[in-house]
Amino acid sequence: MAAGSLVRKDVPEYAIVAGNPARIIGWMCRCGGRLSFADGKTAVCPACRLGYTKDGDTVGSAA
Ligand SMILES: [Zn+2]
C-alpha cells in the first residue's frame with residue numbers, strides 16, 4: 001500500500017475505524033458527536049440529538 005493512501009472501501013458510513021486491516025471501533029454522527037448504540041440498534045447524538053439506527057454494520061440517520 002502506498003504511503004498516505006486512504007482506503008475507504010468496506011468502511012460503512014459513520015463508522016470510526018482503526019488499525020490495519022481497518023476495524024470498526026465506534027460510530028460518529030455527521031456532526032462529529034460520538035454515537036453509543038446502547039441497545040445495539042438505536043443511538044441519539046449527544047451533541048445535536050439526531051437519531052440513528054443500526055442494522056449490522058450499516059448505520060443510517062433517522063432524519
Ligand atoms: Zn450530531
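Just so it is clear, the model here is predicted, and its values are computed rather than measured. First listed ligand is number 1; within each ligand, the first listed atom is number 1.
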- Message: Any side-chain to backbone donor/acceptor pair from Asp39 onto Lys41? Under 3.5 Å, distance only.
- Response: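 Such a contact is found between Asp39 side chain and Lys41 backbone.
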- Do Val17 and Met28 share a hydrophobic cluster (ILVMFWY, side-chain heavy atoms under 4.5 Å, transitive)?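 No, Val17 and Met28 fall in different hydrophobic clusters.
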- Which of these, Ser61, Ser36, Cys31, sits in a side-chain contact (heavy atoms from CB on, under 4.5 Å) with Cys45?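 Between Cys45 and the candidates, side-chain contact (heavy atoms from CB on, under 4.5 Å) is satisfied uniquely by Cys31.
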Looking only at heavy atoms, which two atoms of [X] and [Y] are closest? And how far apart?
X     : Y     : answer
Lys54 : Phe37 : CB-CE2, 3.5 Å
Tyr14 : Val59 : CD1-O, 3.4 Å
Arg34 : Ile25 : NH2-O, 3.4 Å

- Item | Protein N, O or S within less than 2.8 Å of the Zn ion (ligand 1), waters excluded |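 Listed by chain and number, the nearby protein N, O or S atoms are Cys29 SG, Cys31 SG, Cys45 SG, Cys48 SG.
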